[in-house]
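The structure appears below as structure tokens.
All values below were derived from every heavy atom in this structure, side-chain atoms included, with hydrogens, water molecules and symmetry-related copies excluded.
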Amino acid sequence: MTRLNSLQSAALVTLTAAATTLLIQACGGNAEAQTASDANPIEGVWESAVTIKDCTSGAIVRTFKGETLFHRGGSLSADNSLPVPSRGASYGNWKQGVGTSYTANFRFLRFNPDGSLAGSQKVSRSLTLSSDMNTLTGTLTGQVFDTADVVLQPICGSETAVRIY
């Protein structure tokens, strides 16, 4: 068996790296190919107009804007136009149902005016994506919890959203 000199070893390493790179690209391993072909239609950033209603009477309690980032793989981040000192960041998950229907769930912490923890809030959303994949509509339900996870009140509402990215 012959030993490879340093020049031959370097050439073998370079050739192996080049062959590996070409193989990965040929199998669709570049980032652009994965982004285009693997994306779920709901992935991206959406801006919602949210209407919260009294769960018993259906009367409108308040309206606000919200944003949701549906991440690849089923996680989400959400924010809204309500004052930041009263709530923390929202994190959750999403799942595609049949066709263009989706469910999304998230939770965030709530704070008292003095900054102490007031509890948390859970929100569940049922969403339907439009045929052009750039708007969605949905309903939401949820609960407001105290610090001992006792339900303080139910939440009901609806939303319409447009894709912004």
Heavy-atom pair of closest approach, residues [X] and [Y]:
| X | Y | result |
| --- | --- | --- |
| Leu76 | His71 | CA-CD2, 3.4 Å |
| Gly88 | Phe108 | O-CB, 3.7 Å |
| Phe70 | Ile42 | CB-O, 3.4 Å |
| Thr135 | Asp132 | N-OD1, 3.7 Å |
| Glu159 | Ser48 | OE1-OG, 2.8 Å |
| Leu117 | Asn112 | O-ND2, 3.5 Å |

Heavy-atom side-chain contact between [X] and [Y] under 4.5 Å:
| X | Y | result |
| --- | --- | --- |
| Thr56 | Pro154 | no |
| Trp46 | Val162 | no |
| Leu127 | Trp94 | no |
| Arg87 | Gln121 | no |
| Val50 | Arg125 | no |
| Thr51 | Lys53 | yes |
| Ser116 | Phe111 | no |

Between [atom1] on residue [X] and [atom2] on residue [Y], distance to nearest 0.5 Å:
| X | Y | atom1 | atom2 | answer |
| --- | --- | --- | --- | --- |
| Leu136 | Ser130 | CG | OG | 7.5 Å |
| Gln143 | Lys122 | CD | NZ | 7.0 Å |
| Tyr102 | Ser126 | OH | OG | 13.5 Å |
| Asp146 | Arg110 | CG | CZ | 8.0 Å |
| Leu109 | Ser90 | CG | OG | 9.0 Å |
| Ser81 | Glu47 | OG | CD | 9.0 Å |

Could you walk me through whether Ser120 and Asp149 pass the side-chain contact (heavy atoms from CB on, under 4.5 Å) test, one step at a time? CA-CA 8 Å; Ser120 64; Asp149 275 340; 4.0 Å; yes
Verify, without hydrogens or angle tests, whether Arg163 (side chain) and Glu43 (backbone) share a donor-acceptor contact under 3.5 angstrom.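 A pair under 3.5 Å: yes.
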Any chance OH of Tyr91 has more than 12 other-residue heavy atoms, nucleotides or ligands included, within less than 6.0 Å?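 Not buried by this count: 12 neighbours or fewer within 6.0 Å.
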Which residue, Asp54, Ile52, Thr141, forms the side-chain contact (heavy atoms from CB on, under 4.5 Å) with Ile155?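 In the set Asp54, Ile52, Thr141, the residue that makes a side-chain contact (heavy atoms from CB on, under 4.5 Å) with Ile155 is Ile52.
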Do Val61 and Val123 sit in the same hydrophobic cluster, where Ile, Leu, Val, Met, Phe, Trp and Tyr count as joined when their side-chain heavy atoms come under 4.5 Å apart?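 Yes; Val123 is reachable from Val61 via cluster members.
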